[in-house]
Amino acid sequence: MELWDSMEITGAVRKWHLAAHIPECFLKFSLNFVKGAGEVEGEILETLWSCMDEIAAMAQAMSVAHHQEVVDDHMNDSNWCKIIRIGKCLYYMCHPM
């Protein structure tokens with residue numbers, strides 16, 4: 001890979017991973033302090049797949065078809081729970097207590 005002499009590279013840690021680092025890393029590597037860095041949720045897949053750890057050990061011993069069904073069911077349940085939470089949030093926004 002070739003870099004131009006005028007190119008400046010700034011090291012940073014993505015937001016979702018930064019929480020797992022030591023507190024001193026926040027000031028040094030947070031994208032909040034990198035000039036020109038944008039706010040994009042590009043790590044949503046990682047947050048979705050991290051919940052798959054709950055079934056990973058069990059799914060390893062399954063046949064390919066069974067494994068696919070279990071993964072699909074787990075993700076469908078996750079999506080359903082999010083839909084339900086969105087509905088509750090919208091309800092309480094429209095009908096404050």
Side-chain angles (χ1 to χ4, degrees):
M1 179 167 91
E2 288 186 38
L3 300 177
W4 297 287
D5 291 335
S6 61
M7 185 180 286
E8 184 178 323
I9 297 176
T10 303
V13 177
R14 295 182 296 179
K15 290 181 180 263
W16 195 65
H17 291 285
L18 194 59
H21 286 246
I22 59 175
E24 290 79 16
C25 286
F26 183 79
L27 292 176
K28 285 182 174 179
F29 299 108
S30 174
L31 288 167
N32 292 344
F33 308 117
V34 176
K35 185 177 179 180
E39 294 277 336
V40 175
E41 178 54 85
E43 299 177 339
I44 192 66
L45 287 177
E46 290 186 42
T47 61
L48 293 174
W49 282 103
S50 66
C51 69
M52 298 299 280
D53 290 343
E54 299 169 11
I55 62 164
M58 176 181 59
Q60 283 180 338
M62 297 176 183
S63 68
V64 174
H66 190 199
H67 181 273
Q68 186 64 49
E69 286 182 12
V70 168
V71 169
D72 285 348
D73 286 345
H74 192 74
M75 291 308 293
N76 287 338
D77 181 63
S78 172
N79 290 335
W80 175 250
C81 290
K82 284 184 263 183
I83 289 170
I84 297 301
R85 282 194 303 267
I86 288 171
K88 286 181 182 177
C89 289
L90 291 174
Y91 177 80
Y92 288 120
M93 284 172 52
C94 295
H95 303 93
M97 293 183 179

Legend entry - Results of side chain to side chain donor-acceptor pair (under 3.5 Å) for Lys82 - residues two or more places apart only: Asn79

Legend entry - Partner set under side chain to side chain donor-acceptor pair (under 3.5 Å) for Asp72, not counting sequence neighbours: Gln68

Inset, instruction - Look at the side-chain heavy atoms of Ile, Leu, Val, Met, Phe, Trp and Tyr, link any pair under 4.5 Å apart, and say whether Met75 and Ile83 land in one connected group. - result: no

Legend entry - Shared hydrophobic cluster for Val13 and Ile22 (ILVMFWY, side-chain gaps under 4.5 Å): no

Just jot down the side chain to side chain contact (heavy atoms under 4.5 Å, CB included) partners of [X], sequence neighbours excluded, or say none.
X     : answer
Leu27 : Phe33
Ile84 : Trp80, Lys88
Ser63 : Ala65, His66
His67 : Ala59, Met62, Val71

Inset, instruction - Taking the side chain as every heavy atom from C-beta outward, state whether His74 and Asn76 have any atom pair closer than 4.5 Å. - result: no

Inset, instruction - Please lay out, stage by stage, how Val34 and Phe29 fare under the test side chain to side chain contact (heavy atoms under 4.5 Å, CB included). - result: CA-CA 8 Å; Val34 176; Phe29 299 108; over 6 Å; no

